[in-house]
Amino acid sequence: MIYFLYGPDTYRSRKKLTEIVAEFERKTGAGLGVTRVDAAEKPDAVYRVGRTASLFVNKEVIVIENAAAAGPDEQAHLADCLAAWGADSRRTVVFWEGEVDAAKHPLLKRIQAAAAKAQSFAALAPAVAGRWLDEEARARGVRLSPEERRILVGRHG
């Protein structure tokens, strides 16, 4: 199965990514079958990911971040793996992209088409951002003055 999380609101998309990995770890045992690759930092690592199944875990989550920043050869390799990863019931591959426009990038369009679940995290409108900030502050037990709230929403949307 393939998930695709993308968009300029990297805080919410990272939170969703953390939730997906945490749910997997809760079901299977902490961290045993989680592989993370940042294609921007180590593009050659994409060739090693998902090549062999572990003898110790039944299921695996592979997180690939910043695939759009990898070189053309690495992107072609990832594109070639999509069909196999999409059909593999033992592997869940989560692609995470930040500020890249998924609709304009060839690899990201292919990932989105292959994904069983794709979620865009667009920047929130100021009114929605204010409500979201109120909920986050409440969840964290933080009290914000109206001025602090206005500044945060104004600076960060």
Side-chain angles (χ1 to χ4, degrees), residues 1-133 135-136 139-140 153 156-157:
M1 178 181 290
I2 297 174
Y3 288 100
F4 183 35
L5 308 174
Y6 64 98
D9 189 343
T10 57
Y11 179 85
R12 289 187 308 125
S13 65
R14 286 237 181 249
K15 187 174 180 180
K16 182 64 174 181
L17 176 60
T18 301
E19 290 170 4
I20 291 169
V21 172
E23 180 64 16
F24 173 80
E25 289 177 336
R26 185 187 68 74
K27 288 181 178 178
T28 62
L32 292 176
V34 179
T35 303
R36 292 178 178 266
V37 171
D38 188 326
E41 290 181 9
K42 294 187 178 185
D44 60 318
V46 302
Y47 294 111
R48 293 185 297 276
V49 73
R51 289 182 70 183
T52 58
S54 172
L55 297 173
F56 305 106
V57 294
N58 189 31
K59 295 207 176 240
E60 178 181 23
V61 168
I62 300 168
V63 177
I64 301 174
E65 298 184 18
N66 305 309
D73 293 340
E74 290 81 10
Q75 288 185 31
H77 174 75
L78 290 172
D80 290 343
C81 292
L82 290 174
W85 287 341
D88 191 341
S89 63
R90 293 186 59 213
R91 283 195 181 108
T92 299
V93 180
V94 183
F95 285 92
W96 181 92
E97 290 290 332
E99 307 250 351
V100 177
D101 186 354
K104 293 182 180 179
H105 194 283
L107 174 62
L108 300 184
K109 286 195 283 191
R110 289 187 65 182
I111 292 170
Q112 190 166 19
K117 296 180 182 178
Q119 188 170 355
S120 173
F121 292 86
L124 299 175
V128 177
R131 287 192 299 274
W132 177 86
L133 181 60
E135 291 171 13
E136 276 294 305
R140 295 169 183 257
V153 171
H156 305 289

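- Side-chain contact between R12 and L124: present, with at least one pair of heavy atoms (C-beta onward) separated by less than 4.5 Å.
- Every residue was checked against the salt bridge (charged side-chain N to carboxylate O under 4.0 Å, His left out) condition with E99, not counting sequence neighbours, and none meets it.
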TODO: Dump the intermediate steps for side chain to side chain contact (heavy atoms under 4.5 Å, CB included) on V94 and I2, then the final yes or no.
DONE: CA-CA 6 Å; V94 183; I2 297 174; over 6 Å; no

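- The heavy-atom pair separating V46 from A39 by the smallest distance is CG1-CB, 4.0 Å.
- Sorted by first and then second residue, the salt bridge (charged side-chain N to carboxylate O under 4.0 Å, His left out) pairs involving residues 71-88 (not counting sequence neighbours) are D88-R91.
- With sequence neighbours left out, E41 forms a side-chain contact (heavy atoms from CB on, under 4.5 Å) with D38.
- With sequence neighbours excluded, no residue forms a side chain to side chain donor-acceptor pair (under 3.5 Å) with K16.
- Looking at every heavy atom in both residues, A45 comes nearest to V37 through CB-CG1, 3.8 Å.
- The backbone N or O of A68 lies less than 3.5 Å from a partner atom in the side chain of Q75, making a donor-acceptor pair.
- Using a 4.5 Å heavy-atom cutoff, the side chains of F4 and Q119 are not in contact.
- Sorted by first and then second residue, the ring-ring contact (aromatic ring centres under 6.0 Å, His included) pairs with a member in residues 109-133 read Y11-W132; sequence neighbours excluded.
- Closest approach of S89 to K59, counting heavy atoms only: O-NZ, 3.2 Å.
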- [ ] Give the C-alpha distance, both sets of side-chain angles, the deciding distance and a yes or no for side chain to side chain contact (heavy atoms under 4.5 Å, CB included) between V63 and V61.
- [x] CA-CA 6 Å; V63 177; V61 168; 4.0 Å; yes

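- E65 is linked by a side chain to side chain donor-acceptor pair (under 3.5 Å) to R14, counting only residues two or more places apart in sequence or in another chain.
- For T92, the side chain to side chain donor-acceptor pair (under 3.5 Å) criterion is met by no residue, not counting sequence neighbours.
- The two atoms that bring M1 and A116 nearest to each other are CG-CB, 3.8 Å, heavy atoms only.
- Residues satisfying the ring pair (Phe, Tyr, Trp, His ring centres under 6.0 Å) criterion with Y3, sequence neighbours excluded, are absent altogether.
- Considering only residues two or more places apart in sequence or on other chains, A83 meets the side-chain contact (heavy atoms from CB on, under 4.5 Å) condition with none of them.
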- [ ] Could you walk me through whether E135 and R131 pass the salt bridge (Lys or Arg N to Asp or Glu O under 4.0 Å) test, one step at a time?
- [x] CA-CA 6 Å; E135 291 171 13; R131 287 192 299 274; over 6 Å; no

Task: Residue pair I64, R36: steps toward the side chain to side chain contact (heavy atoms under 4.5 Å, CB included) verdict - done: CA-CA 6 Å; I64 301 174; R36 292 178 178 266; over 6 Å; no

TODO: Apply the test side chain to side chain contact (heavy atoms under 4.5 Å, CB included) to residues L108 and E97: give CA-CA distance (whole Å), side-chain angles for both, the deciding distance (0.1 Å), then the verdict.
DONE: CA-CA 9 Å; L108 300 184; E97 290 290 332; 3.6 Å; yes

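- With sequence neighbours left out, the side-chain contact (heavy atoms from CB on, under 4.5 Å) criterion links A69 to A40, N66.
- Looking at K15 and E19, no side-chain N of the basic residue comes within less than 4.0 Å of a carboxylate O on the acidic one, giving no salt bridge.
- A distance of 11.5 Å separates CG of L107 from NE2 of H77, quoted to the nearest 0.5 Å.
- When all heavy atoms of S13 and W96 are compared, the closest pair comes out as OG-NE1, 2.9 Å.
- Ring planes of W85 and F95: tilted class, angle from 30 to 60°.
- Judged as a salt bridge (charged side-chain N to carboxylate O under 4.0 Å, His left out), not a single pair has a partner in residues 105-119 (not counting sequence neighbours).
- Residues satisfying the side chain to side chain donor-acceptor pair (under 3.5 Å) test with Q112, not counting sequence neighbours, are Y6.
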